[in-house]
Amino acid sequence: MKTGHHRWDRLLLDARVATLAGERGYGLIEDAAIGIAGHQIVYAGRRADLPLTPDMMADRVELLGGALVTPALIDAHTHLVFAGHRAAEFEQRLHGASYQQIAEAGGGILGSVRATRAASEDELFAASLPRARALLRDGVGTIEIKSGYGLDLAGERSQLRVARRIGEALGIDVLCTYLALHALPPEFADRRDAFVETVCREWLPQLQAEGLVDAVDAFCEGIAFSPAEIRRLFAAARALQLPVKLHADQLSDLDGAAIAAEFGALSADHIEYTSEAAVARMAAAGTVAMLLPAAFYCLRETRLPPIDALRRHGVAMAVATDLNPGTSPLQSLRTAMNLACTLFRLTPEEALRGTTVNAARALGLDGRKGRVVAGHDADLAVWEVGTPAELSYWIGGNGPVALFCGGERRY
Ligand code: DI6
Ligand code: FE
């Protein structure tokens with residue numbers, strides 16, 4: 001029979017869908033149908049509006065038993081490729097040392113640099129893959145992974161290559177960020193300028209030429225790099241047409257978020273100490289506020305990010321794990337959503353937007369990921385819950401019952 005319908009690969013039925021279409025609300029569709037062709041969603045709407053019977057519409061029809069479908073979650077800020085761990089520093093902090101004191105004594109980030117440099121690429125891959133897998137089990141279908149524990153060309157390259165390999169091994173999209181100015185490596189001690197110069201003139205163009213850099217990041221902080229050093233890096237990145245983002249105003253206000261906005265950054269991250277004037281600059285630049293409540297929690301910070309100002313100025317808020325060995329050993333994005341609600345007073349709707357549409361925006365994937373609408377990638381998480389608020393409400397427990405990435409079922 002001729003129907004004029006180009007058969008879809010999959011049709012998902014017997015589901016409720018939180019599409020997140022539009023700028024507010026969950027965009028809920030009851031008794032929904034989702035059509036998938038290739039790697040894309042081609043239909044997301046009411047089942048009753050399908051023009052033909054399900055088996056005429058698609059090669060494969062799957063009944064989801066009344067489950068809730070959301071976009072697969074997006075973890076848009078992680079440092080999950082590293083060797084070793086820093087449980088000993090966790091203990092030191094519990095005995096009274098501060099994160100800054102540990103860093104100044106040569107521990108902290110530099111401890112992870114030593115372990116990461118000593119690991120072969122295969123060892124690094126083997127150590128890091130389970131962390132990405134844990135995120136996947138929690139509903140994550142796209143991960144941003146930063147380097148920054150190599151701090152020399154070979155070390156940064158191997159971290160970024162491992163990040164790419166993780167994406168291939170798991171069949172998910174991984175975006176690679178060169179975290180170029182994270183800490184000053186020992187071989188450049190007392191030669192800060194030479195380090196920044198080498199990063200900008202040699203390593204950044206080289207790693208980009210190898211196809212390993214989707215964006216450039218830095219740590220703007222008293223214990224890390226100054227606003228002037230950040231500006232040099234961002235100017236170099238911009239000259240290479242690379243998007244930038246920044247660890248900004250986490251422990252003090254160096255006006256990092258405003259610098260990020262000045263360079264049209266995708267996101268300004270942490271931003272606990274960011275001023276309202278800088279929030280206004282972020283709004284004007286379209287820079288996303290990347291909230292990282294687990295780092296706030298682990299460091300027992302008390303200064304809250306300016307959530308009300310972000311809302312008033314209409315800055316999009318994203319939420320991520322910041323999965324890293326020092327300040328955020330968190331391997332669950334749903335827990336980050338709960339922490340964002342409990343500690344930062346986000347609503348569950350803001351938390352879900354923060355790990356879907358707004359996380360996509362923070363990765364430059366607006367219009368391609370983060371919503372369940374026709375034309376977006378078929379990245380879907382299927383949850384046995386009654387309401388979307390439960391995704392932020394439960395702590396621990398079970399992740400989704402199914403995850404689709406690029407139209408393929410991952411579990
Ligand atoms: N990102 C970072 O660069 C630091 N905190 C953060 O959110 C430190 C990470 C580390 O201590 O290894
Ligand atoms: Fe970070």
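Only this structure's heavy atoms are used, side chains among them; waters, hydrogens and symmetry mates stay out. Both ligands and their constituent atoms are indexed starting at 1 by order of listing.
Aromatic ring centroids of His79 and His247 lie under 6.0 Å apart.
Ligand 1 is never approached by Leu292 to a heavy-atom distance shorter than 4.0 Å. Judged by the shortest distance from any of its heavy atoms, Arg86 lies inside the 4.0 Å radius around the atoms of ligand 1.
Polar contact check, His182 against ligand 1: a nitrogen or oxygen pair lies under 3.5 Å apart. Looking at ligand 1, you won't find any N or O of Ser112 less than 3.5 Å from one of its N or O atoms.
Considering only non-hydrogen protein atoms, atom 12 (O) of ligand 1 sits nearest to Tyr149 OH, 2.5 Å. Here the protein heavy atom with the shortest distance to atom 11 (O) of ligand 1 is Tyr99 OH, 2.5 Å. Looking only at protein heavy atoms, the nearest one to atom 5 (N) of ligand 1 is Thr327 OG1, 3.4 Å.
Taking the ring axis of Phe404 as reference, the NZ or CZ atom of Arg410 does not stay both within 45° of it and closer than 6.0 Å to the ring centre.
The ring-ring contact (aromatic ring centres under 6.0 Å, His included) test with Phe296 singles out one residue from Tyr99, Tyr273, Phe344, and that residue is Phe344. With Ile259 as the fixed residue, the side-chain contact (heavy atoms from CB on, under 4.5 Å) test singles out one of Ile230, Asp249, Leu254: Ile230.
Between Lys369 and Asp173, at least one side-chain N (NZ, or NE/NH1/NH2) sits under 4.0 Å from a carboxylate O, which counts as a salt bridge.
Summarising the geometry of Thr70 relative to Val372, their closest heavy-atom pair is C-CG2, 3.8 Å, with the distance given to 0.1 Å.
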